Novice: 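Have a look at the structure that comes next, please.
Since the structure is predicted, the reported quantities are computational estimates derived from the model, not experimental observations. One-based numbering, in listed order, for ligands and for the atoms of each.
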Amino acid sequence: MQGARILATGSAVPELCVNNFKISEMVETSDDWIVTRTGIKERRVLTGIDKSVVDLACLASIKALDKVSMSPLDIDLIILATSSPNDLFGSASQVQAQIGANKAVAFDLTAACSGFVLAVVTAAQFIENGSYKNVLVIGADVLSKWTNWLDRSTCILFGDGAGAVIIQACSKDDNGILGFQLNTDGEKSDQLSIPYRNKAKNKTISICQGEFDFIQMNGREVYKFAVSKVPLSIFKCLQSLCISTEDVSWLLLHQANERIIHAVAERLSIHSSKLISNLHKYGNTSAASIPLALDEALSSNKIKYNDLIVISGFGAGLTWGTVVIQWKC
Ligand code: ACO
């Protein structure tokens, strides 16, 4: 067994910025309602008929590689956490080709807003068992493509973006991915989904075919789920590592709602000065939200060597989980 640590990060967002005032021209809402209920002021939206999640994922990945002057050919594995691929068979292979990581194995991982946490944990397993040395983990989503822009209960929440991290094998002493705790409750999968609906029937062989709907969400239930389950996951994870909440340097939660972030921190007695958040600028970018915020926090020199970062994702599935990281760069 060897250690694994995050070596570099990168992120990318589309140019078009849509603020709450613009949204209130499309649906009956207001900047005040959105800011008070969610903390979101604006979000980025991908435009361009030929643009997809792959473009954002590639840009974020190249930025991460450039930071440590690493050749894409040194990447052994690419895990693309996304729920909005531009090919249902997967988009990771397109990222592999476009960034020129020709020696890397590449696959998609779908777990909505928990996708990045699950991808980091998956990458760490491949590294710790000695299979791979350099893994590129990307969280990227363009949920604007699956949002009903006439539904005010969901269209105010989501934005597009991508974040990438390079995770590298290291000695056990330098290990930076200390532990994790993961959960799924499939009984509640209907609380937040992009359901596939059968529409037509092929008469000759009785096959039903259809298409995906827009995002469907029971906001109140998802809110209650997040504020009750996420603190428990964090407690369990910290307890398994014998780390007290007082020793936590930074709490980085999936950027879904400012009220959820503060409620979770309060339940853990973690002071709000330890929160990493950029939700007001980007909204909920699903699998991208955590690596996007991590990259920004590192760029502004918030995070120092040996800092303990508690990262938690939660969302559709329902899925939720925690990974505890010690910054080792
Ligand atoms: N503007 C104005 N009024 C609105 C809007 C809006 N955009 N949206 C809803 N309302 C109205 C409703 O119609 C309702 O009116 P009524 O009382 O007359 O029926 C009222 O506001 C209250 O609606 P609620 O849905 O109860 O509002 P709530 O306070 O719960 O806030 C919100 C809604 C922000 C969606 C909240 O429930 C939330 O954040 N939930 C969690 C969402 C989340 O975290 N999702 C994670 C997704 S992660 C993933 O996996 C993709």
Novice: Considering only heavy atoms of Asn284, which atoms of ligand 1 have at least one such atom less than 4.0 Å away?
Specialist: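 So the answer, numbered in order with elements, is 46 (C), 47 (C), 48 (S).
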Novice: Do Asp213 and Arg197 meet the salt-bridge criterion of a basic N to acidic O distance under 4.0 Å?
Specialist: yes
Novice: Between Thr154 and ligand 1, find which residue part has any heavy-atom pair under 4.0 Å and reply side chain, backbone, both or neither.
Specialist: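 The answer is neither.
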Novice: For ligand 1, note which part of Val27 has a heavy atom under 4.0 Å away: side chain, backbone, both or neither.
Specialist: neither
Novice: For atom 9 (C) of ligand 1, is some protein heavy-atom partner under 4.0 Å away?
Specialist: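 So atom 9 (C) of ligand 1 has protein heavy-atom neighbours under 4.0 Å.
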Novice: Please write down residue, atom name and distance for the protein heavy atom closest to atom 39 (O) of ligand 1.
Specialist: Asn257 ND2, 2.6 Å
Novice: Counting only non-hydrogen atoms of the protein, does one fall under 4.0 Å from atom 19 (O) of ligand 1?
Specialist: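 Within 4.0 Å of atom 19 (O) of ligand 1, no protein heavy atoms are found.
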Novice: If we count only non-hydrogen protein atoms and require a distance under 4.0 Å, does atom 5 (C) of ligand 1 qualify as touching the protein?
Specialist: yes
Novice: Note the single closest protein heavy atom to atom 22 (C) of ligand 1, along with its residue, its atom name and the distance in Å.
Specialist: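 Protein heavy atom at minimum distance: Arg37 NH1, 3.7 Å.
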Novice: Verify the cluster assignment for Val95 and Ile62: are they in a single hydrophobic cluster under the rule of side-chain heavy atoms below 4.5 Å apart?
Specialist: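 Yes; tracing contacts between hydrophobic side chains, which count when under 4.5 Å, links both residues.
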Novice: Under 4.0 Å, heavy atoms only, figure out whether ligand 1 is touched by the backbone of Thr29, its side chain, both or neither.
Specialist: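 Under 4.0 Å from ligand 1, Thr29 contributes backbone and side-chain atoms.
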Novice: With a heavy-atom distance limit of 4.0 Å, tell me whether Glu28 approaches ligand 1 through its side chain, its backbone, both, or neither.
Specialist: backbone
Novice: Evaluating non-hydrogen atoms only, which member of Ala287, Gly219, Ala112 is closest to atom 40 (N) of ligand 1?
Specialist: Gly219
Novice: Can a donor-acceptor pair be found between the side chains of Ser171 and Asp173 at a distance below 3.5 Å?
Specialist: no
Novice: Can you tell me which residue and heavy atom of the protein come closest to atom 43 (C) of ligand 1, and the distance to 0.1 Å?
Specialist: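 Heavy-atom neighbour on the protein nearest atom 43 (C) of ligand 1: Val222 CG1, 3.6 Å.
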Novice: For atom 3 (N) of ligand 1, which candidate among Phe158, Phe314, Trp33, Tyr223 provides the closest heavy atom?
Specialist: Trp33
Novice: What is the nearest protein non-hydrogen atom to atom 34 (C) of ligand 1, stated with its residue, atom name and distance?
Specialist: Thr38 CG2, 3.6 Å
Novice: Is the distance between the ring centroids of Trp146 and Phe158 under 6.0 Å?
Specialist: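 Ring centres of Trp146 and Phe158 not closer than 6.0 Å.
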Novice: Tell me whether Lys199 is salt-bridged to Glu211, with the criterion being a basic N under 4.0 Å from an acidic carboxylate O.
Specialist: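 Answer for the salt bridge query: yes.
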Novice: Would you tell me whether Ser312 and Thr322 have side-chain atoms, one donor and one acceptor, within less than 3.5 Å of each other?
Specialist: yes
Novice: Could you label the plane-to-plane angle of the His254 and Phe314 rings as parallel, tilted or perpendicular, counting under 30° as parallel and over 60° as perpendicular?
Specialist: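 His254 and Phe314: perpendicular rings.
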Novice: Are there over 12 heavy-atom neighbours, none belonging to Glu266, within less than 6.0 Å of that residue's CD?
Specialist: no
Novice: Less than 4.5 Å apart, side chain to side chain, heavy atoms only: is that true for Gln2 and Glu128?
Specialist: no
Novice: Out of Lys224, Glu258, Arg220, indicate the one that has the non-hydrogen atom closest to atom 25 (O) of ligand 1.
Specialist: Arg220
Novice: Given Gly313, Cys113, Ala316, Ala256, which has its nearest heavy atom closest to atom 51 (C) of ligand 1?
Specialist: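 Looking at heavy atoms only, Cys113 sits closest to atom 51 (C) of ligand 1.
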Novice: Are Asp185 and Lys188 within salt-bridge range, i.e. N to O under 4.0 Å?
Specialist: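 Result for this pair is yes, salt bridge flagged.
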Novice: Nearest protein heavy-atom contact for atom 13 (O) of ligand 1: which residue, which atom, what distance?
Specialist: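 Here the nearest protein heavy atom works out to Arg152 NH2, 3.0 Å.
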